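Source: prediction; values computed, not measured.
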Amino acid sequence: MSDMTTSGSTPAPDVLAAFEKAKGFMPLGEGLALYAAAVEAAALGLPLLEVGTYCGRSTILLADAARAARVPALTVDHHRGSEEQQPGWDFHDPETVDPVVGLMDTLPTFRRTLHAAGLEEHVIAMVGRSPQVARAWGGKLGLVFIDGGHTDEHANADYEGWAPHVADGGLLAIHDVFPVKHDEWTGQAPYRVYLRALESGAFTEVSVHDSLRVLRRTGAGS
């Protein structure tokens, strides 16, 4: 097992610049590992899907990989923010609050992010709760990237809704996997979902980069 996927692919400088400029929390190193996984998965000729859009930082990388392979990049989010992004919490950004309704709405920022990156035409944004969208989705996926809510309820729902759609040989990427809880913000629900995927017998780990884990579907079930 290596620190990166084996494709060795890196985004163009303009794509990297758009990624680093966008609002979000994914570090560059993890972004490069995600991009390499997306390039590899896109070779299957199937859509790439992200759970947890926020403002589109990681979507830029998936969209660029999808554009090159001529497959769709899909991203799912209700755009009202996850638990730690609500007012009064450390990860809250007041700029994402809709002044009319008084709730977070990251959709406008996300659209501006894609427009600035020149990637609007290569992304299908699905606005809704992940489990509801998953129930309406009927096809196979080359990549599922889970980066949504970090409670056990939400992380497990994302896994249960989308992992069954990962095609044979496709990739399941999970972000914010922390085996050791360092502080109150760490959250270990993604780590427990990662263990669940390995224990299912359906997935085999292929790369690790900081808190990003990439697994390949090598068996039946989920």
Side-chain angles (χ1 to χ4, degrees), residues 1-13 15-16 18-20 22 24-54 56-77 114 117 119 122-124 130 137 139-148 155 158-159 161-179 190-191 193-198 200 202-219 222:
M1 180 177 63
S2 64
D3 287 339
M4 295 282 287
T5 49
T6 58
S7 70
S9 300
T10 55
V15 175
L16 276 181
F19 167 80
E20 295 195 279
F25 309 102
M26 174 170 275
L28 176 59
E30 293 179 348
L32 292 175
L34 176 65
Y35 182 82
V39 169
E40 180 180 337
L44 293 174
L46 295 169
L48 313 177
L49 181 134
E50 168 185 60
V51 181
T53 313
Y54 190 51
R57 184 176 172 93
S58 54
T59 316
I60 289 171
L61 302 178
L62 297 185
D64 187 59
R67 172 174 60 179
R70 298 185 178 182
V71 300
L74 315 171
T75 186
V76 181
D77 202 312
L114 286 189
L119 291 166
H122 303 281
V123 177
I124 299 171
S130 171
W137 180 260
K140 290 295 183 181
L141 299 163
L143 170 78
V144 167
F145 173 44
I146 296 179
D147 192 22
D158 291 340
Y159 176 78
W162 292 108
H165 294 289
V166 177
D168 291 343
L171 300 178
L172 172 67
I174 306 172
H175 193 220
D176 293 327
V177 173
F178 296 105
Y191 174 62
V193 164
Y194 155 76
L195 293 179
R196 179 178 176 182
L198 290 177
S200 73
F203 296 97
T204 302
E205 185 170 87
V206 295
S207 77
V208 173
H209 192 103
D210 295 335
S211 76
L212 182 72
R213 302 290 188 274
V214 179
L215 299 84
R216 188 185 315 280
R217 177 176 287 285
T218 52
S222 59

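For the side chain to side chain donor-acceptor pair (under 3.5 Å) test, residues two or more places apart in sequence or in another chain that qualify with S130 are D158, W162. Residues that satisfy the side chain to side chain contact (heavy atoms under 4.5 Å, CB included) test with P13, not counting sequence neighbours, are absent from this structure. Partners of T204 by side chain to side chain donor-acceptor pair (under 3.5 Å), not counting sequence neighbours, listed by chain and number: T218. For Y159, there are no side chain to side chain donor-acceptor pair (under 3.5 Å) partners, not counting sequence neighbours. By the side chain to side chain contact (heavy atoms under 4.5 Å, CB included) test, A18 pairs with I60, A117, sequence neighbours left out. Residues passing the salt bridge (Lys or Arg N to Asp or Glu O under 4.0 Å) test with D64, sequence neighbours excluded: R67. For T75, the side chain to side chain donor-acceptor pair (under 3.5 Å) criterion is met by E50, T53, not counting sequence neighbours. Applying the side chain to side chain contact (heavy atoms under 4.5 Å, CB included) criterion to A65, with sequence neighbours excluded, gives Y35, A38, V39, L48. With sequence neighbours left out, R57 forms a salt bridge (Lys or Arg N to Asp or Glu O under 4.0 Å) with no residue at all.
In this structure, E205 contributes its side chain and L198 its backbone to no donor-acceptor pair below 3.5 Å. At least one donor-acceptor pair under 3.5 Å links the side chain of H165 to the backbone N or O of G139. One N or O on the side chain of R217 and one on the backbone of A163 form a donor-acceptor pair closer than 3.5 Å.
Contact detail for A173 and L34: the closest heavy-atom pair is CB-CD1, 4.3 Å. Scanning all heavy atoms of the two residues, the minimum distance from S9 to A36 falls at O-CB, 4.2 Å. Nearest heavy atom pair, residue G142 against residue L46, reads N-CB, 3.5 Å. When all heavy atoms of L215 and A197 are compared, the closest pair comes out as CD2-CB, 4.1 Å. Between G31 and M26, the shortest heavy-atom contact is CA-SD, 3.5 Å. Minimum interatomic distance between A155 and P190 (heavy atoms only, all atoms of both residues): CB-N, 4.5 Å.
From R216, atom CZ reaches atom CD of E40 across 4.5 Å, with rounding to the nearest 0.5 Å. To the nearest 0.5 angstrom, T10 atom OG1 is 7.5 Å from L32 atom CG. For the atom pair CG (L74) and CZ (F145), the distance works out to 14.5 Å, reported to the nearest 0.5 Å. The NE2 atom of H122 sits 10.5 Å away from the CG atom of L114 when rounded to the nearest 0.5 Å. D147 contributes atom CG, which lies 11.5 Å from atom OH of Y54 (distance to the nearest 0.5 angstrom). With rounding to the nearest 0.5 angstrom, the CD1 atom of I146 is 9.5 Å from the CG atom of L49.
Between P47 and V71 there is no side-chain heavy-atom pair separated by less than 4.5 Å. No side-chain heavy atom of D176 sits less than 4.5 Å from a side-chain heavy atom of F25. In this structure the side chain of P27 never reaches within 4.5 angstrom of the side chain of D210, judged on heavy atoms. Here the side chains of V15 and L61 are in contact, with some heavy-atom distance below 4.5 Å.
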